[in-house]
There are 2 protein chains.
Amino acid sequence: MERVFVLGGGATKVGEEWEKSLRQLFVEAALKAVGDAGISLRDVEALYVGNMSSGVLQGQEHLGSLMATWLGIPGVAACKVEGACASGGVAVHQAYLAVASGMYDCVLVGGVEKMTDAVVYDLTTALMMADDYEYAASTGASFVGLNALVYRYYMKKFGVRQEDIAMFAVHDHKYAARNPLAQFQFEVTLERVMKSPLIADPIRLFECAPVSDGAAALVLCSERFAARIGASELVEIAASTMATDTLSLSDRADLTTLRATRLAVERAYKMARIEPSDVDVLEVHDAFTILGVIHLEDLGFAKKGEGWRLVVEGEVERDGRIPTNMSGGLKARGHPVGATGVYQVFEIYQQLKGIAPNQVSDAEVGLAQSVGGVGGTVSISILKRVR
Amino acid sequence: MERVFVLGGGATKVGEEWEKSLRQLFVEAALKAVGDAGISLRDVEALYVGNMSSGVLQGQEHLGSLMATWLGIPGVAACKVEGACASGGVAVHQAYLAVASGMYDCVLVGGVEKMTDAVVYDLTTALMMADDYEYAASTGASFVGLNALVYRYYMKKFGVRQEDIAMFAVHDHKYAARNPLAQFQFEVTLERVMKSPLIADPIRLFECAPVSDGAAALVLCSERFAARIGASELVEIAASTMATDTLSLSDRADLTTLRATRLAVERAYKMARIEPSDVDVLEVHDAFTILGVIHLEDLGFAKKGEGWRLVVEGEVERDGRIPTNMSGGLKARGHPVGATGVYQVFEIYQQLKGIAPNQVSDAEVGLAQSVGGVGGTVSISILKRVR
C-alpha cells in the first residue's frame with residue numbers, strides 16, 4: 001500500500017446558510033482545501049463527495065459530476081459516497097484507498113450537507129432513512145427516539161445520573177465558543193442543558209446536535225506527489241478503517257456499545273501500530289450526549305459504564321489525558337450530516353499542524369470517529385505528524 | 001497496485017418485481033455471486049452497493065449497513081456509491097481500488113435498483129436528479145427530452161436517418177431473446193420500433209431502456225486470495241477507470257460526443273495496454289438508441305457520425321468484428337439504473353469464462369462502459385482472461 005498524506009484542508013463555518021446552495025458550500029470548502037494544500041485544481045485527479053440526503057433535500061443526485069463541474073474540473077474521476085451520518089468519514093476512507101492503491105496521486109475529498117433545504121421531503125424523514133424503512137422508520141420511530149432508548153437503557157444498566165451524561169454538551173460548548181467554524185460559539189451551563197425542552201425522554205434539546213449546513217474538504221496525496229511539490233512537515237493517515245453493524249437497534253445484543261466502533265478501531269490501532277494511550281487528540285461523533293460517552297468507552301479510553309467520568313473529571317479537557325472534541329463536537333460545532341466526518345478529520349489535521357483554534361500542546365497522534373445511523377456504520381481515521 | 005480478479009458473479013432476472021423488495025433483490029444477486037465464486041460469505045471483507053435512487057424511491061439510505069445486515073455479515077466495511085445511472089460501474093471501480101490498494105483481499109460489489117417503487121416521490125423526478133436541479137430539472141426537462149436533443153442534433157450534423165439509429169433496438173432485442181436474465185426476451189422488427197409511440201421527438205418508445213427492477217453482484221479478489229482458495233482460469237480486471245464531464249448538456253461544446261467516455265477509455269486502453277481492435281466483446285450503455293451509436297464512436301470502434309454503420313452492417317453481431325451488447329443491452333436486457341453497470345461487467349465476465357447465453361467464440365478481452373446522466377459520469381472496465 002502507498003502511504004497517504006493530508007496535504008491541506010478547509011471548511012465553511014457551520015450554521016444555517018439560507019443564502020448559499022449545496023454546491024456553493026462544497027466549492028467554498030474545496031477551494032479552501034486546495035489553497036491550504038498549495039496545489040492547483042488541475043492537480044486533482046479524483047474527487048469524492050460525502051453526502052447523505054441531497055436526493056431528498058435538494059432534489060439532486062450525481063454530486064460527483066455536479067461538484068467537478070462547479071469546481072471547473074470536469075474530467076476527473078468523481079462520485080458520491082453515502083454511509084448515512086458517517087458519509088463524510090466513509091468518503092475519507094474511499095479517498096484514502098484511491099491514493100493507497102497507487103492509481104491516484106492527488107485526491108480531493110469533501111463532505112457537504114444542507115439540512116435547511118427540503119425540496120422533495122422533510123428533514124426528519126430524510127434522516128430516518130439512516131435506519132430501516134421497513135422495520136423502524138415505518139413504525140414512526142425518529143432518530144432522537146432511538147437514541148433515547150439507548151440513553152435510558154445505559155442509565156439503568158450502569159446506574160448513571162443524566163446530569164453526568166449531559167455534561168458532554170457543556171464540554172462541547174466550552175470549546176465551540178473559541179472555534180470560528182462552530183455553529184454555537186457560546187458556553188452553556190449544566191443547568192441550562194437540563195432545563196432545555198424535552199425532545200424524546202430523557203433527551204433534552206441541548207443534548208442534541210443541531211440542524212446544520214456546511215462543507216469540509218481535504219486534499220490527500222501520495223508520497224510521490226508530496227515529494228514532487230516539496231511539501232514538508234506532513235500529516236500522514238496512519239490508519240483508515242470502516243466497519244458496520246446491524247442497521248437497527250432491534251437486532252443488537254447490547255444497546256450500550258457500538259460493535260462497529262470496536263471493530264473499526266481495533267483494526268485501526270493495529271494498522272497504525274498504536275494503543276489508545278498514544279492518542280493525543282480525539283474527535284468523537286456525539287450526535288447526542290449519550291453517544292459521546294459510549295464512544296469514549298468503545299474507543300478504549302474508559303471502561304464500560306464509565307465514559308462519563310472522563311468528562312466529569314476533566315480528562316477530556318484541552319490539558320487533560322485525552323483532549324476530546326476540541327472543535328466543539330457535533331453538539332456545538334454543528335452536524336451537517338454528510339460533512340461531519342470530514343470536519344472531524346480536518347480538526348485533527350489542524351491539531352497535528354499546530355494551527356487548531358483550541359490547540360492541544362504538541363499533538364502528534366489524533367483519532368477521528370464518524371458514525372452513521374445508530375452505529376450501523378463507523379469509520380476511524382488515525383493521523384500522525386511526520387517530521 | 002495489486003492485481004484484481006473477478007472470482008464470480010450473479011444477477012437476478014431483470015423485470016418488474018412487484019413481489020420482491022430492494023434488499024431481497026440485492027441479497028439474491030449477492031448470494032449467487034458468492035456461490036459462483038465458491039467462497040463463503042465470511043470471506044467477504046468489504047461490500048460496495050451501487051444505487052442511485054433508494055432515498056426517493058424506497059425512503060431508504062444507508063444501504064451499506066442494510067445489505068451487510070441482510071446478508072448476515074454486519075461487521076464488514078460497507079457503503080453506497082452513487083454516480084447516477086453509472087452507479088453500478090462506479091461501485092465496481094471503488095471495489096477495484098479497495099482490492100488494488102492491498103487493504104482488502106475479497107470484496108463483494110453489487111448494484112441494485114427497484115424502479116417500480118415510489119415511496120417518497122415519482123420515478124421521473126428521481127431520474128432527473130441525474131442532471132442539474134437548478135438549471136435543467138427545474139425547467140421541466142426530462143431525461144428522454146435531453147436525449148432527444150442529442151438525437152436530433154446528431155441526425156442533422158451527420159445526415160443520418162432515424163431508421164439507421166433505431167436499428168440498435170432491433171439488435172439488442174435479438175440477443176435479449178436468448179438471455180434468460182433479460183427483461184424483454186423477444187425480437188422486434190425495425191417497423192415495430194419506428195411505429196411505437198413517440199416519447200420525446202424523435203425518440204420512440206422502443207428506442208428507450210425500460211423501467212426495471214434488478215440486482216447484479218461480483219466477487220473481486222486479490223492474487224493472494226485467489227491463490228489461497230486455489231482458483232484457476234481467472235478473469236482479471238486489466239483496467240478500471242472513471243471520468244466526468246459537465247453535468248448538463250448546456251455546458252458542452254459538442255452534443256454528439258461524450259468527452260467522459262473518451263477520457264475514461266483512453267486511460268483504460270493505456271492501463272490495459274490494448275487497443276480497440278483487441279476487444280473481443282463489448283457492452284455499451286445504450287439507454288437510448290442514439291447513445292449506443294455515439295458510444296461505439298467514442299470508444300474508438302467507428303469514426304464520428306458512422307457508429308450506426310456497425311449496427312446496420314452487422315459488425316456488432318455475435319460473429320461480427322466487435323460483438324456488442326450480447327446481453328441485450330439496456331434496451332432489452334433492461335436498465336435497473338444503479339445495477340446496470342454491474343450487469344455489464346457480469347456479462348463480460350461470463351463471456352470470458354465461456355458461459356454467456358450469447359457466447360462469443362473464444363473471447364479473451366472484454367470492455368464494459370457505464371454512463372451516468374447524459375455522460376456526466378462514465379466508468380470503463382476492461383477484463384482479460386488469464387490462463
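The chains referred to below are lettered A, B, ... by the order of the sequence lines, with proteins before strands, and numbering in each begins at 1.
- Closest approach of B:Ser101 and A:Met1 over heavy atoms only: O-CG, 2.6 Å.
- Residue B:Ala260 does not touch chain A at all, counting heavy-atom pairs closer than 4.5 Å.
- Both the backbone and the side chain of B:Val81 come within contact range of chain A, each with at least one heavy atom under 4.5 Å from a heavy atom of that chain.
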- request: Under the side-chain hydrogen bond (donor to acceptor under 3.5 Å, both in side chains) rule, what do A:Glu61 and B:Tyr133 come out as? Steps first, then yes or no, please.
  value: CA-CA 9 Å; A:Glu61 294 291 357; B:Tyr133 176 78; over 6 Å; no

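- Only the backbone of B:Gln58 comes within less than 4.5 Å of a heavy atom of chain A; no side-chain atom from C-beta onward does.
- Interatomic distance, CD of B:Glu45 versus CE of A:Met242, reported as 13.5 Å (0.5 Å rounding).
- The candidate from A:Val120, A:Val99, A:Asn51 with the greatest count of non-hydrogen atom pairs under 4.5 Å with chain B is A:Val120.
- Heavy-atom distances place both the backbone and the side chain of B:Leu66 under 4.5 Å from chain A.
- Scanning all heavy atoms of the two residues, the minimum distance from B:Arg259 to A:Gly75 falls at NH1-CA, 4.2 Å.
- By number of non-hydrogen pairs under 4.5 angstrom with chain B, the leading residue of A:Ala46, A:Ala264, A:Cys79 is A:Cys79.
- Atom OH in A:Tyr96 sits 13.0 Å away from atom CG in B:Leu97 (nearest 0.5 Å).
- Residues A:Lys80 and B:Thr377 are not in side-chain contact: their nearest non-hydrogen atoms beyond the backbone lie 4.5 Å or more apart.
- With a 4.5 Å cut-off on non-hydrogen atoms, B:Leu63 touches chain A through its backbone but not through its side chain.
- Between chain A and the options B:Ser248, B:Ala91, B:Ala243, the largest number of non-hydrogen pairs under 4.5 Å is found for B:Ala243.
- Residue with the most contacts toward chain A among B:Ala126, B:Gly55, B:Ser53: B:Gly55 (heavy-atom pairs, distance under 4.5 Å).
- For A:Val90, the part lying near chain B is the side chain, with the backbone staying farther off; criterion is any non-hydrogen pair under 4.5 Å.
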- request: Take A:Thr241 and B:Met103 through the side chain to side chain contact (heavy atoms under 4.5 Å, CB included) test and state the conclusion after the steps.
  value: CA-CA 9 Å; A:Thr241 63; B:Met103 182 152 181; 4.1 Å; yes

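- Shown here is A:Tyr121, whose OH atom has no more than 12 heavy atoms of other residues, nucleotides or ligands within 6.0 Å.
- Residue contact with chain A, scored on non-hydrogen atoms closer than 4.5 Å, involves the backbone of B:Ser240 exclusively.
- Heavy-atom distances place the backbone of B:Asp131, and not its side chain, under 4.5 Å from chain A.
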- request: Evaluate the side chain to side chain contact (heavy atoms under 4.5 Å, CB included) criterion for residues B:Val49 and A:Glu82: first the C-alpha distance (whole Å), next the side-chain angles of each, then the deciding distance (0.1 Å), finally the verdict.
  value: CA-CA 10 Å; B:Val49 183; A:Glu82 189 270 335; over 6 Å; no

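- Among A:Cys85, A:Gly376, A:Gly102, the residue with the largest count of heavy-atom pairs under 4.5 Å with chain B is A:Gly376.
- Taking CG from B:Asp132 and OG1 from A:Thr69, the interatomic distance works out to 8.0 Å, rounded to the nearest 0.5 Å.
- The CE atom of B:Met52 lies 8.0 Å from the NE2 atom of A:His62; values are rounded to the nearest 0.5 Å.
- In this structure, CG in B:Leu71 is found 10.0 Å from OG1 in A:Thr244, a value given to the nearest 0.5 Å.
- Interface check for chain A: of the options B:Ala68, B:Ala78, B:Ala86, the most heavy-atom pairs under 4.5 Å are formed by B:Ala78.
- Rounding to the nearest 0.5 Å gives a distance of 4.0 Å between CZ of B:Arg23 and CD of A:Glu134.
- The greatest number of non-hydrogen atom pairs below 4.5 Å with chain A, out of B:Leu263, B:Val76, B:Val56, is found for B:Val76.
- Proximity to chain A is limited to the side chain of B:Val119, based on heavy atoms less than 4.5 angstrom apart.
- Closest approach of B:Arg267 and A:Ala77 over heavy atoms only: NH1-N, 4.4 Å.
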